[in-house]
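Okay, so here's the structure we're looking at.
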2 protein chains.
Amino acid sequence: MALTIKEAAEQIGLTVHTLRYYEQEGLLKALKRDERGNRLFEPEDLDWLYFIRCLRDTGMPVVQVKHFAELAFKGDHTMRERLQILQDHQRSTERKVEEMKSFLEKITHKTLWYENLVREREQAAEKV
Amino acid sequence: MALTIKEAAEQIGLTVHTLRYYEQEGLLKALKRDERGNRLFEPEDLDWLYFIRCLRDTGMPVVQVKHFAELAFKGDHTMRERLQILQDHQRSTERKVEEMKSFLEKITHKTLWYENLVREREQAAEKV
DNA sequence: ATACACCTTCGAGTGCACTTGAAGTCAATA
DNA sequence: TATTGACTTCAAGTGCACTCGAAGGTGTAT
């Protein structure tokens with residue numbers, strides 16, 4: 001049921017180092033430990049980690065994730081603030097996606113230009 | 001016609017520090033200088049910089065941009081290799097955009113969930 | 001004339017997010 | 001019994017991409 005740090009790291013796609021780092025930075029709430037003091041990751045910890053990965057991979061800095069986490073640990077009365085943060089982040093991610101798409105278009109355009117050029121050179125070479 | 005480093009920085013959306021850094025790292029080919037030794041950015045330098053920004057903003061590391069730049073400066077016989085690099089980068093950028101979109105979906109989903117929760121709480125509060 | 005805003009080089013400093021190392025515990029395996 | 005491998009803590013190190021500071025030159029405005 002509960003996973004070791006290694007198993008959790010594999011599940012989430014982070015290293016064990018990063019998981020400890022996240023805990024130490026306050027991104028995770030106190031994890032359960034087994035009798036030897038080893039961390040135990042329960043399903044809800046994994047859900048939370050998935051969500052953190054989501055925020056991190058869309059560019060939210062660790063300190064902001066930490067702030068969000070602290071609000072979440074404080075309880076329901078912080079919900080409006082958390083909603084606000086999420087809405088802002090959603091918008092900034094939407095902008096990022098649009099920006100990426102427009103950069104991608106430029107790269108695609110350049111690639112096509114290169115492909116044509118290379119093709120032309122090869123045809124010219126054949127004629128000689 | 002030719003711009004100073006400050007003007008170029010404004011045009012491209014980078015700082016003057018970054019432009020000097022890029023030149024020093026070999027991302028730009030030798031810039032012209034005026035009689036006092038000040039850098040002059042010509043339209044083709046700006047085009048090149050726009051493209052570099054594009055590669056950087058889609059996650060290509062500075063060393064790889066440098067490699068691409070060196071190939072470009074070497075001449076036409078490096079075209080196939082440059083095409084290959086661009087095609088690879090295009091694919092990785094496509095993957096990145098897709099990934100971002102799926103992360104965005106998760107965030108949107110979570111935001112909606114929060115919105116509903118906040119709404120419910122407010123309705124409950126009104127009834128009291 | 002003197003301040004201001006620009007430019008130059010060189011080298012060092014910063015911030016972020018890990019990443020690694022040292023030193024140690026514990027349980028299972030050859 | 002000795003080694004292997006997974007875990008622990010705490011602190012220090014790394015890599016990337018800037019970013020800044022010092023020291024100095026030049027051109028225009030008051």
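Reckoned from all heavy atoms, side chains included, excluding hydrogens, waters and symmetry mates. First the proteins, then the strands, lettered A, B, ... as listed; each starts at 1.
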Checklist line | Cation-pi check, A:Lys110 onto B:Phe51 ring (under 6.0 Å, within 45° of axis) | finding: yes
Item checked: Side-chain H-bond candidate by donor/acceptor type, B:Glu120 with B:Asn116, under 3.5 Å -> no
Notebook entry, point to check: Taking the side chain of A:Tyr21 as heavy atoms from C-beta outward, which of C:dT8, C:dA17, D:dC18 is closest to it?
Noted result: C:dA17
Note to self: Please list, in numerical order, the residues of residues 38-68 of chain B that have a heavy atom closer than 4.0 Å to any atom of DNA chain D.
What the structure shows: B:Arg56, B:Pro61, B:Val62
Note to self: For a quick test of reading the model: is some side-chain N or O of B:Arg33 closer than 4.0 Å to OP1 or OP2 of C:dT9?
What the structure shows: yes
Pair up each side-chain donor or acceptor in residues 70-81 of chain A with any protein partner under 3.5 Å, not counting sequence neighbours, and list the distances.
residue, atom, partner, partner atom, Å
A:Asp76, OD2, B:Arg121, NH2, 3.1
A:Thr78, OG1, A:Leu71, O, 2.7
A:Thr78, OG1, A:Gly75, O, 2.8
A:Thr78, OG1, A:Arg82, NE, 3.0
A:Thr78, OG1, A:Arg82, NH2, 3.1
A:Arg80, NH1, B:Glu122, OE2, 2.1

Next item on the list: If a protein heavy atom is under 4.0 Å from the base, mark B; if only from the sugar-phosphate, S; if neither, -; do that for nucleotides 22-28 of chain C going 5' to 3'.
Entry: ----SS-
Item checked: Pair B:Glu94, B:Gln90: side-chain N/O donor-acceptor within cut-off below 3.5 Å -> yes
Item checked: A:Glu98 with A:Lys101: basic N within carboxylate O range, under 4.0 Å -> yes
Check: Taking atom P of D:dC16 as reference, at what distance in whole Å does atom CD of B:Glu25 sit?
Finding: 11 Å
Next item on the list: Show your working on side-chain hydrogen bond (donor to acceptor under 3.5 Å, both in side chains) between B:Thr108 and B:Thr111 and close with a plain yes or no.
Entry: CA-CA 5 Å; B:Thr108 304; B:Thr111 306; 5.8 Å; no
Item checked: Presence of B:Tyr22 side-chain N/O under 4.0 Å of D:dC18 phosphate oxygens OP1/OP2 -> yes
